[in-house]
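Report on the following structure.
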Amino acid sequence: KKVRVVLNRKEFDRQILHELPAPILDDVQKQMEGMAQVDPAIKVYRNDDRERGNVVATAPAKVEQAHGVLNQMLGMVVV
């Protein structure tokens with residue numbers, strides 16, 4: 001027999017991203033902020049105003065083009 005699993009996305013997001021003892025987004029934000037210290041132009045902030053929170057990192061285009069810092073940061077995050 002086939003089994004079908006359906007997740008309640010809203011509850012999953014709430015429980016996994018916001019209510020764990022050490023929430024995933026807190027850990028990701030901490031990692032990103034540590035990596036962002038290489039250049040003061042890199043900004044990291046949390047976007048929790050939606051049903052799905054996220055961590056945002058921004059850098060001026062010239063910094064990203066010269067060094068690829070955002071791609072490197074994303075590649076180094078460990079969840």
Side-chain angles (χ1 to χ4, degrees):
K1 280 185 153 181
K2 290 184 178 181
V3 175
R4 182 175 179 186
V5 177
V6 179
L7 294 177
N8 178 329
R9 183 181 300 244
K10 192 176 239 179
E11 274 303 300
F12 177 83
D13 287 345
R14 184 180 62 77
Q15 290 177 8
I16 297 300
L17 298 178
H18 300 289
E19 293 184 1
L20 291 176
I24 294 170
L25 289 179
D26 289 346
D27 185 46
V28 170
Q29 183 175 4
K30 184 177 178 182
Q31 291 179 61
M32 296 293 282
E33 288 172 343
M35 290 182 265
Q37 292 179 6
V38 298
D39 192 313
I42 301 170
K43 305 297 180 208
V44 176
Y45 62 92
R46 183 82 159 266
N47 185 3
D48 271 333
D49 63 347
R50 303 176 136 179
E51 60 186 51
R52 290 188 208 159
N54 56 45
V55 177
V56 179
T58 63
K62 66 180 183 178
V63 173
E64 177 60 19
Q65 289 171 351
H67 307 289
V69 292
L70 297 177
N71 285 326
Q72 290 178 37
M73 288 169 67
L74 184 58
M76 292 191 292
V77 170
V78 177
V79 179

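From a predicted model like this one, the values you see are computed outputs, not experimental measurements.
The nearest pair of heavy atoms linking Val55 to Leu25 is CG2-O, 3.7 Å.
Under the side chain to side chain donor-acceptor pair (under 3.5 Å) criterion, Glu33 pairs with Gln29, not counting sequence neighbours. Every residue meeting the side chain to side chain contact (heavy atoms under 4.5 Å, CB included) condition with Glu11, not counting sequence neighbours, appears here in chain and number order: Asn8, Arg14, Gln15. In this structure, the side chain to side chain contact (heavy atoms under 4.5 Å, CB included) partners of Val78, at least two apart in sequence or on a different chain, are Gln31. Under the rule for a side chain to side chain contact (heavy atoms under 4.5 Å, CB included), the partners of Ala57 that lie at least two apart in sequence or sit in another chain are Met32, Val44, Leu70, Met73.
By the criterion of side-chain heavy atoms lying less than 4.5 angstrom apart, applied directly or through intervening Ile, Leu, Val, Met, Phe, Trp or Tyr residues, Ile24 is not grouped with Leu74; the two fall into different hydrophobic clusters.
The backbone N or O of Pro40 lies less than 3.5 Å from a partner atom in the side chain of Lys43, making a donor-acceptor pair. With hydrogens and angles disregarded, no donor-acceptor distance shorter than 3.5 Å links the side chain of Gln72 to the backbone of Met35.
In this structure, Val56 shares a hydrophobic cluster with Tyr45, the cluster being traced through Ile, Leu, Val, Met, Phe, Trp and Tyr side chains under 4.5 angstrom apart.
In this structure the side chain of Asp39 never reaches within 4.5 angstrom of the side chain of Val69, judged on heavy atoms. In this structure, Val79 and Val28 have side chains that are in contact, with non-hydrogen atoms separated by less than 4.5 Å.
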